[in-house]
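I have placed the structure first, in the form of structure tokens, so that the comments after it can refer back to it.
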2 protein chains.
Amino acid sequence: MVPNQTSPTVKLDPPQQEWVEAIGLFLERSGFPPSSARIYGLLLMSAEPELSFEDLVATLGFGKAAVSTGLRRLQETNRISERTRPGERRRYFRARLGPDIGVDRFRAFNSALCDLLEKGIALRGSRADTEITADLEASVRFLRFLDVELGGLQARWEANGDG
Amino acid sequence: MVPNQTSPTVKLDPPQQEWVEAIGLFLERSGFPPSSARIYGLLLMSAEPELSFEDLVATLGFGKAAVSTGLRRLQETNRISERTRPGERRRYFRARLGPDIGVDRFRAFNSALCDLLEKGIALRGSRADTEITADLEASVRFLRFLDVELGGLQARWEANGDG
DNA sequence: TATTTTGTTCGTATGGTTCCGAACCAAACA
DNA sequence: TGTTTGGTTCGGAACCATACGAACAAAATA
């Protein structure tokens, strides 16, 4: 057997480490669990385009358990891709960084909100204050408008080759 | 003194209560603390357009402390407005429901992300894998494009009177 | 079959958030 | 000035998410 061909542990200089931490905090604020956020940040900063489980554990200082669940969350939300190299057993992970992911989430969020608001309008009925109802209706109209337009923007961007 | 002219405690039928709970959970998932989320939901569903502190405490079943901090968070993020009625000491709260709040947050988020990504690109330098760098650059371009276009959409919506 | 590699899962511990009740405070009223 | 009203702040308890280490599992290797 080849004498432990361990991929060279990722080397980051201090500013790069700080960046991983910064984007980690940022992603946490937008809903990622801490371990997922750091993993994703590291994948974006690493000179290597893909890293192994081992690399992540060694570089981030998280335990294997944390890395394992962190990776699972990233996969569930389609943030990373994974592959194996021929002849190797371990898996390598790569950040998936499409422009759509943010927009799609935003649209899904708005769509769910829109449904809720409509239900709310119906439940308020006619006896309730009309001003709030009117505001709700305006919000619904705007959200519909926004969804259509965002779809158009995405299409335009795709068509443009990538800008 | 007028014999305790307490505003009639809000009356919600069960489907309305469920709706408040549903939108409460939804808002929680988007970052509101539970008490803020329920307060906001109740303000949207109540037949009265504005409610007092008292009303909120009595209807939601939260303690005064929770309502107090919940209101503070809503004020900080500009989700509610507050006023007093002449001759009364208590304050009345109303949900603020502009179309912009969601979009503005989204744009602010994207703007911050964009800054971070650019910093990241710079820190990766030229020795790092170019594919990831290219993805990052494409993301930055898209985010800029998106921000400009969203600004345009908002302007168009405003101009249209409200759709 | 024994051993190493590559992870996953489980039980426990810990940290952070949010709640409640109580104490507190400021304004109005008496 | 004493009391009521309206609301904030504090201390402790409860809860939830997440981390860690250890045990476990599956696949390759020997």
Side-chain angles (χ1 to χ4, degrees), chain A residues 1-7 9 21 24-25 27-43 50-77 80-94, chain B residues 1-7 9 21 24-25 27-42 50-77 80-93:
Chain A
M1 174 197 174
V2 187
N4 201 352
Q5 181 165 349
T6 180
S7 56
T9 283
E21 184 61 19
L25 289 172
L27 295 177
E28 269 188 74
R29 260 177 282 134
S30 61
F32 286 85
S35 62
S36 295
R38 302 304 185 291
I39 291 169
Y40 195 73
L42 177 55
L43 289 174
E50 52 189 20
L51 299 179
S52 68
F53 188 92
E54 195 29 41
D55 292 329
L56 298 173
V57 171
T59 311
L60 291 172
F62 281 102
K64 294 200 292 176
V67 170
S68 180
T69 65
L71 284 171
R72 181 155 12 99
R73 302 297 281 273
L74 287 170
Q75 281 162 331
E76 285 165 5
T77 52
I80 57 175
S81 62
E82 165 192 345
R83 72 180 193 99
T84 59
R85 295 177 185 170
E88 278 193 59
R89 189 167 152 215
R90 45 187 148 181
R91 293 176 296 160
Y92 288 85
F93 303 94
R94 174 189 293 255
Chain B
M1 177 197 173
V2 188
N4 201 354
Q5 181 165 349
T6 181
S7 55
T9 283
E21 184 60 20
L25 289 172
L27 296 177
E28 268 187 75
R29 260 176 283 134
S30 62
F32 285 87
S35 62
S36 294
R38 302 304 185 291
I39 291 169
Y40 195 72
L42 177 55
E50 52 189 22
L51 299 178
S52 67
F53 188 93
E54 196 26 43
D55 292 328
L56 297 173
V57 170
T59 310
L60 291 172
F62 281 101
K64 293 201 292 176
V67 170
S68 180
T69 65
L71 283 171
R72 181 157 12 99
R73 303 296 281 273
L74 288 170
Q75 280 163 333
E76 283 165 5
T77 52
I80 56 175
S81 61
E82 164 192 347
R83 72 179 194 98
T84 58
R85 296 178 184 170
E88 278 193 57
R89 189 169 152 212
R90 46 187 146 182
R91 293 176 296 158
Y92 288 84
F93 304 92

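Here is how names work: the chains are called A, B, and so on, in the same order as the sequence lines, proteins then strands, and each is numbered from 1. As the structure is a prediction and not an experimental result, all values here were calculated from the model.
In the set dG7(C), dC20(C), dC20(D), the nucleotide with an atom closest to the side chain of Ala66(B) is dC20(C). Here the side chain of Arg73(B) is nearest to one of dC20(C), dT18(C), dT8(D), namely dT18(C). Listed nucleotides: dT18(D), dT8(C), dA19(D). Nearest to the side chain of Phe62(A): dA19(D).
Here dG7(D) presents its C1' atom at 7 Å from CZ of Arg91(B), a figure rounded to the nearest Å. As rounded to whole Å, 13 Å separates atom P of dG6(D) from atom CZ of Arg85(B). The separation between Leu25(A) atom CG and dG16(C) atom C1' is 15 Å, rounded to whole Å. In this structure, NZ of Lys64(B) is placed 11 Å from P of dT5(D), rounded to the nearest angstrom. Atom pair Gln75(B):CD and dG7(D):C1' shows a separation of 12 Å (rounding to whole Å applied). The interatomic distance linking Tyr92(A) (OH) with dG7(C) (C1') rounds to 14 Å, in whole Å. Taking atom CZ of Arg29(B) as the reference point, atom C1' of dT17(C) lies 18 Å away to the nearest angstrom. Following rounding to the nearest Å, Leu74(B) (CG) and dT8(D) (C1') show an atom-to-atom distance of 16 Å.
Using a 4.0 Å heavy-atom cutoff across all strands shown, Gly87(A) reaches no nucleic acid atom at all. Residue contacts for Gly70(B): at a heavy-atom cut-off of 4.0 Å it reaches no nucleic acid atom on any strand shown.
A salt bridge is defined here as a Lys NZ or Arg NE, NH1 or NH2 lying under 4.0 Å from an Asp or Glu carboxylate O, and Glu28(B) with Arg38(B) meets this definition.
At distances below 3.5 Å, not a single donor-acceptor pair connects side-chain atoms of Thr59(A) with backbone N or O atoms of Leu56(A).
Side-chain contact between Arg94(A) and Ile80(A) is absent, with no heavy atoms from C-beta onward closer than 4.5 Å. Using a 4.5 Å cut-off on side-chain heavy atoms (C-beta onward), Phe53(B) and Lys64(B) make contact.
In the region residues 33-43 of chain A, proximity to DNA chain C at under 4.0 angstrom, judged on heavy atoms, holds for none of the residues.
Of all heavy-atom pairs between Ala37(A) and Gly24(A), the closest is CB-O, 3.3 Å.
Atoms OG1 and CZ, from Thr84(A) and Arg89(A) in turn, are 11.5 Å apart once rounded to the nearest 0.5 Å.
Taking 4.0 angstrom as the limit, Arg72(A) places a side-chain polar atom (N or O) nearer than this to OP1 or OP2 of dT9(C).
Between the side chain of Arg89(A) and the base of dA26(D), a donor-acceptor pair under 3.5 Å is found.
Judged by the 6.0 Å distance and 45° axis criteria, Arg85(B) is positioned over the aromatic ring of Tyr92(B).
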